[in-house]
Amino acid sequence: MKKITLKVPDYVIAFYAKAGEKAKGLSAEQVMEDALFKLAGELSLNAIHKRGETTRESHE
């Protein structure tokens, strides 16, 4: 697994830290990791869906 370092403003860390406190005491880093992973999944599903629409339109 690769490790990536991101620079984010303090208020972003504060936001994710607060969310993590409410979610079983997770760290801000873990909440950010989970959020980015979920976003990547949603974007992938949207891309697959759009590709399917394009494929269907080209067969009509």
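Note that these values count all heavy atoms, side chains included, but never hydrogens, waters or copies made by symmetry. Start at 1 with the first residue, then count along the sequence.
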Check residues 10-18 and write down every donor-acceptor pair under 3.5 Å in which the side-chain atom is one partner and the other belongs to a residue at least two apart or another chain.
none

Completion exercise
Cluster membership besides Leu43, Ile/Leu/Val/Met/Phe/Trp/Tyr side chains within less than 4.5 angstrom, sorted by chain and number, is Leu39
Extract all donor-acceptor atom pairs below 3.5 Å that involve side chains of residues 28-38 and protein atoms in other chains or at least two apart in sequence.
from, atom 1, to, atom 2, distance (Å)
Gln30, NE2, Asp34, OD1, 2.8

